Protein chains: 2
Amino acid sequence: MDNLKSENTEIEILNAAKAVFQQKGMDGTRMQEIADKAKINKALLHYYFRSKQLLFEAVFSSAFSLLAPQLNTILNDESDLFEKIIKFTNNYISFVIEHPYLPNFVIQELNRNPEFSNKLRVKENFPTIDKFKIQVSIAIEKGIIKPIETEQLFINIMSLNVFPFIAEPLLMALTNTDKENYNQLLQNRKTEVSSFIINSIKM
Amino acid sequence: MDNLKSENTEIEILNAAKAVFQQKGMDGTRMQEIADKAKINKALLHYYFRSKQLLFEAVFSSAFSLLAPQLNTILNDESDLFEKIIKFTNNYISFVIEHPYLPNFVIQELNRNPEFSNKLRVKENFPTIDKFKIQVSIAIEKGIIKPIETEQLFINIMSLNVFPFIAEPLLMALTNTDKENYNQLLQNRKTEVSSFIINSIKM
DNA sequence: ATCTTTGTTAACTGAATGGTTAAACTATTT
DNA sequence: AAATAGTTTAACCATTCAGTTAACAAAGAT
C-alpha cells in the first residue's frame, strides 16, 4: 500500500488542526472546520485520531515541543547570564513572529485544564529552573547583579517577552497603534527588552 | 410591582454569568450552567438578556468597567512618575487577587474578536496613553529617567504586572512552585515589580 | 485473477445546546 | 375581587456537533 498517501493525509490533518485549534482553542474549534481546511471528509479525522480530544492532545504536544527548546535557551544554555538574556529575547520574538498563536494557545489550554501541566512536567524534555538558579546565585555572589530571587527574574523575563504577543489587541488599543506600528514596536523589543532587564539587575 | 424581585433576579443572573463566562470564555460557557448557578430557569436568561451574545456583552462591559480605572491609575493619575509606578503595581496585584479571571477574560475575548476593541475605544472612559506620554518625555528631558519610548515602558509595566496572573499554571510548572508558594511570589511582586522597573529606567 | 487490508466518503445518529412557547403564578391596579 | 401586567417554569423545537456506519475504492498479497 502507498503509505505516502496516508502519511500525507495525517500531516494534512495535523496542520489543519494546528491552525484551527491554535486560533480558536479547544472549545471554539469544530471538527468540520478542520476537515474542510485539510480538504478531507470529517470521518477521516476520527479514522486517524479517534476523537477530538486525542487530536487536540496531538496538537498540544507538538506545540509544546516547539516551545520547550525556546525556554531551554534561557534556562539551560551554557552562555553567560547577560549574553543569554540578550540571546533569548532576540530569538524568542523571531520565533513568535513565525508562530503567532502558539504561546497563547499553550497558556490558555493550561488554564482551562491545569492538570495538564502535571502530565507535562513528567516528560523528559520539560524545562526546569534549577540550572538557571545556580547561575543567578553565582552572579549575585560575584556582585555582577543585584540580589533578586531567580523565580522573580525568570517571571520578569517571560512576562516582558511573552505578554506583548498575548495581549496584542488590548495593547494596540491602549497605546493607540495600528498593526504596522505595533509590529515595529515588537521588532524593537528584540533589543529593547534585554537592555531593560539588564539595566535593572546589573550592579 | 415588586421591582426588587426582578432586580435581584437580574443581578443574580449577571453574577452567575460573570463567574461562568470569566472562567470558561464565550465558547466554553453553557447557558444552562449560568441558570443553574443563578438557581433559576434557563428561559429567564433569555427573558432578561435575550441571547447568549447580549448577556456576554453585558458581562464583558462590566468587566472592562472594572479594569479601566486600574489602568487610569498609571495613565492619568496626577502623581509623580516613580510614585505612580509604585502605586499601580501595588494596587493592581491586590485588585487581581480579588478578580482572578478578569484580566485574562478581557484579553482572550479581545483576541477572539478584535473588532471589540474598536467598539471599546469609542467609549468615553476608555484609557489613553496621551497624558502619560507627556509625563514620560518631561522626565526624560529633566534627566530623571533614561530615554525610552513611552509605549515600550507602558508595555513593560503591563507585562510585568499582568502576565504572572495569566500564565499562572505555566509559570508554576516552570518554576516548580505549588499554589501557596506561587501566591507568596505574587504577593512579593507588589514591591518587587516597581523596584525592577524603576531600577531599569532611573538615571 | 481474487482476496484482504487500508484509506475515503456520504449519510446517518444521538446528545447537547441556544432559543421559544404557552401556561401558571404573583403582584399591582382599578 | 376582577382585570391587568410582570415574572417564572416545564416542555418543546431546531440546529449544531462529535462520533458511527456501511459501502466503496485503491493497493498489496496470494
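Chain letters run A, B, ... following the sequence lines, proteins first, then strands; residues in each count from 1. Given the structure is predicted, the values throughout are model-derived calculations rather than measurements.
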Within the structure shown, what part of the strands sits under 4.0 Å from B:L45 by heavy-atom distance: base, sugar-phosphate, or nothing? nothing
Atom OH of A:Y47 to atom C1' of D:dA22: distance rounded to whole Å? 15 Å
Between B:F49 (CZ) and C:dG18 (C1'), how many Å, whole number? 16 Å
In whole angstrom, give the distance that lies between atom CG of A:D27 and atom P of D:dT16. 19 Å
Given D:dT9, C:dA10, D:dG19, the nucleotide with the shortest approach to the side chain of A:A43: C:dA10
Once you round it to whole Å, what is the distance between P of D:dC17 and CD of A:Q53? 18 Å
Looking at C:dT9, D:dT8, C:dG19, which one has an atom nearest to any side-chain atom of B:H46? C:dG19
Report the distance from atom CD of B:E12 to atom P of D:dT7, rounded to the nearest whole Å. 16 Å
Given C:dT8, C:dG19, C:dT9, the nucleotide with the shortest approach to the side chain of A:I40: C:dT9
Given C:dG19, D:dA18, D:dG6, which nucleotide is nearest the side-chain atoms of A:K42? D:dA18
Integer-rounded Å distance: D:dA10 C1' and B:D36 CG: 15 Å
Answer with yes or no after comparing the ring centroid distance for A:F105 and A:F21 against a 6.0 Å cut-off, counting only values under it. no
State which of C:dG19, D:dG6, D:dT9 makes the closest approach to the side chain of B:N41. D:dT9
Under 4.0 Å from OP1 or OP2 of C:dT8: is there any side-chain N or O of A:Y48 that close? yes
Do B:K123 and B:S61 have side-chain N/O donor and acceptor atoms under 3.5 Å apart? yes
Could you tell me whether A:F49 and A:F56 have their ring centroids closer than 6.0 angstrom? no
Going by modelled atom types, is there a donor-acceptor pair between the base of C:dG19 and the side chain of B:K52 at under 3.5 Å? no
How many Å lie between CG on A:L44 and P on D:dA18, as a whole number? 16 Å
Give a yes/no answer on whether the side chain of A:T9 brings an N or O atom under 4.0 Å of OP1 or OP2 in C:dT8. yes
What nucleotide among D:dT8, C:dT8, D:dG19 has an atom nearest to a side-chain atom of A:M31? D:dG19
Nearest to the side chain of A:R30, heavy atoms from C-beta on, is which of D:dT9, C:dG18, D:dA18? D:dA18
Separation of D:dT16 atom P from B:Q32 atom CD, nearest Å, is 20 Å
Basic-acidic side-chain contact under 4.0 Å: B:E192, B:R189: no
So which atom in A:V162 and which in A:I107 form the shortest heavy-atom distance, rounded to 0.1 Å? CG1-CD1, 4.2 Å
